[in-house]
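First the proteins, then the strands, lettered A, B, ... as listed; each starts at 1.
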There are 2 protein chains.
Amino acid sequence: MINKNSPVPIYHQLLEYIKSKITSGEYPADELIPSEREFSEKFQISRMTVRQALNNLVQEGFVYRQKGKGTFVSRQKVEKRISRLNSYTEEMIERGLKPSSKLIEFEIIKTDSSLANILKITENDPIYKIKRVRLADLKPMSIESIYVSCELAPNLNQTVLEKSFYEYVNSNIPDPIQYADQSIQARLASEEEAKLLEIPPNSPVLSIDRTTYLRSGKVLEHELTVYRADRYKLVHSLFRND
Amino acid sequence: MINKNSPVPIYHQLLEYIKSKITSGEYPADELIPSEREFSEKFQISRMTVRQALNNLVQEGFVYRQKGKGTFVSRQKVEKRISRLNSYTEEMIERGLKPSSKLIEFEIIKTDSSLANILKITENDPIYKIKRVRLADLKPMSIESIYVSCELAPNLNQTVLEKSFYEYVNSNIPDPIQYADQSIQARLASEEEAKLLEIPPNSPVLSIDRTTYLRSGKVLEHELTVYRADRYKLVHSLFRND
DNA sequence: AAGTGGTCTAGACCACGTG
DNA sequence: ACGTGGTCTAGACCACTTC
């Protein structure tokens with residue numbers, strides 16, 4: 001069960017072990033799981049190591065703890081991933097569509113004051129502007145304009161953009177993507193947009209502005225996307241934490 | 001600075017100490033803070049205790065760590081950005097607008113199969129159908145149709161609906177509201193909608209379908225809302241939990 | 001080689017909840 | 001009185017980064 005010579009940390013092995021017991025139903029919801037000392041004894045590991053596994057599980061929402069009573073399994077009915085921040089590529093694959101894109105613009109421009117403010121960089125700093133028509137099963141789905149600081153994303157080029165931008169970030173920037181703020185509006189497509197999206201003029205579109213942040217708090221990118229209303233529906237979940 | 005005899009845990013005292021140094025600017029953004037061993041030495045506490053303070057600060061978004069390099073101050077504290085599930089009333093107050101509403105329909109109908117499926121009740125069970133024009137600062141903002149099982153929400157009447165529906169639920173149903181699934185689309189207003197919303201025909205609208213769930217897993221309500229695109233912008237946050 | 005964070009140990013005392 | 005999670009110690013070795 002636990003291999004002390006594995007390169008995988010012990011606390012992580014234990015964490016996965018407990019997770020599997022929960023998802024398999026062996027540890028049912030609202031029930032006590034073994035105490036820290038029991039795990040410590042059973043696997044011959046330090047109690048502090050057990051605590052590290054359990055604390056991570058608390059953070060992930062799998063269990064909750066009560067002083068003097070023990071550690072309980074959470075009622076995990078809600079999939080957390082519903083509102084997960086995904087790239088276009090990931091999202092389309094999830095929807096069973098084949099993502100691709102057509103590059104419209106790829107250039108380095110100087111930041112204007114508004115973008116500099118959003119990206120939290122200095123005005124006139126160079127940034128990439130990348131404009132693409134996003135396709136799903138080879139038909140236009142959206143028009144996407146991305147603004148990224150050149151400093152943050154060196155070596156960005158057209159080849160990289162064939163694949164997922166988020167994937168590029170994961171492999172090339174040590175600072176991981178943490179979250180994004182989005183604002184969503186309905187409006188009518190402009191003439192140019194209608195042409196690129198291959199829809200009649202004055203068709204409704206869903207306009208989504210997204211700013212993506214890294215764990216350090218740095219702004220990764222600002223993104224303006226216009227979706228065809230007849231092909232795209234945004235789905236998400238909201239929680240009420242009283 | 002650190003009082004070992006205080007009932008406040010040492011790691012918490014250290015956490016607050018570092019927080020204050022960050023907010024005061026003494027530890028500037030993107031800069032290294034003292035190492036774990038330095039804190040340990042300086043305050044004569046164990047390194048594990050220092051780590052507990054720092055790990056909490058990482059969780060709260062005040063600092064981030066890099067193996068082999070050190071602990072850095074984040075550019076901005078990540079607030080609890082989980083977009084909360086709010087009622088129309090709560091949302092408008094948050095936006096600084098005065099919410100009100102005009103009742104269009106209030107009746108008890110039999111569930112059709114589609115609604116029965118969504119509400120997880122039996123077909124032909126009685127449900128409330130409530131249709132209202134929602135106003136903000138006395139001007140139309142949206143048209144909202146709510147479907148609620150009569151069994152779940154007894155004593156629902158027009159007076160109750162003057163106030164927040166969620167407030168009514170909080171006071172009258174022991175099972176608390178937990179989360180909602182939403183789907184969001186752009187489309188053009190129908191003639192009737194345009195009239196009620198006081199906008200020109202064929203104006204774009206944001207169409208939001210929401211299903212609200214209670215902690216027990218029961219469905220509280222299904223809601224179809226059509227927002228004026230010129231007055232309403234939906235804002236939310238997404239997390240990437242790798 | 002020196003410093004950093006990541007992991008781990010084998011103990012300890014505490015406050016809390018339940019019998 | 002006993003078991004629980006919460007806090008804390010004083011060490012240790014590792015992989016990583018920088019010099």
- prompt: Among residues 39-58 of chain B, which residues get a heavy atom nearer than 4.0 Å to DNA chain C?
  reply: Arg47(B), Met48(B), Arg51(B)
field: Residues in contact with DNA chain C, drawn from residues 2-9 of chain A - heavy-atom cutoff 4.0 Å
entry: Lys4(A), Pro9(A)
Partners meeting side-chain hydrogen bond (donor to acceptor under 3.5 Å, both in side chains) with [X] (sequence neighbours left out):
{"X": "Gln13(A)", "answer": "none"}
{"X": "Gln185(B)", "answer": "none"}
{"X": "Arg210(A)", "answer": "Tyr166(A), Gln182(A)"}
{"X": "Asp125(A)", "answer": "none"}

Which residues pass the ring-ring contact (aromatic ring centres under 6.0 Å, His included) test with [X], sequence neighbours left out?
{"X": "Tyr232(A)", "value": "Tyr227(A)"}
{"X": "Tyr11(A)", "value": "none"}
{"X": "Tyr88(A)", "value": "none"}

task: Quickly work out the Leu32(A) CG to dG17(C) P distance and round it to whole Å.
output: 15 Å
Boundaries of the chain B footprint along DNA chain D (any atom under 4.0 Å from a heavy atom):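 It runs dT7(D) to dT18(D).
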message: Test of understanding: with side-chain contact (heavy atoms from CB on, under 4.5 Å), list the residues that count as partners of Ser35(A), not counting sequence neighbours.
response: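 Ser35(A): side-chain contact (heavy atoms from CB on, under 4.5 Å) contacts with Arg37(A), Glu38(A).
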For Lys21(B), all residues meeting salt bridge (charged side-chain N to carboxylate O under 4.0 Å, His left out), sequence neighbours excluded: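 Residues passing salt bridge (charged side-chain N to carboxylate O under 4.0 Å, His left out) with Lys21(B): Glu26(B).
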task: Give a yes or no on whether a salt bridge exists between Arg65(A) and Glu36(A), defined as a side-chain N under 4.0 angstrom from a carboxylate O.
output: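 Answer for the salt bridge query: yes.
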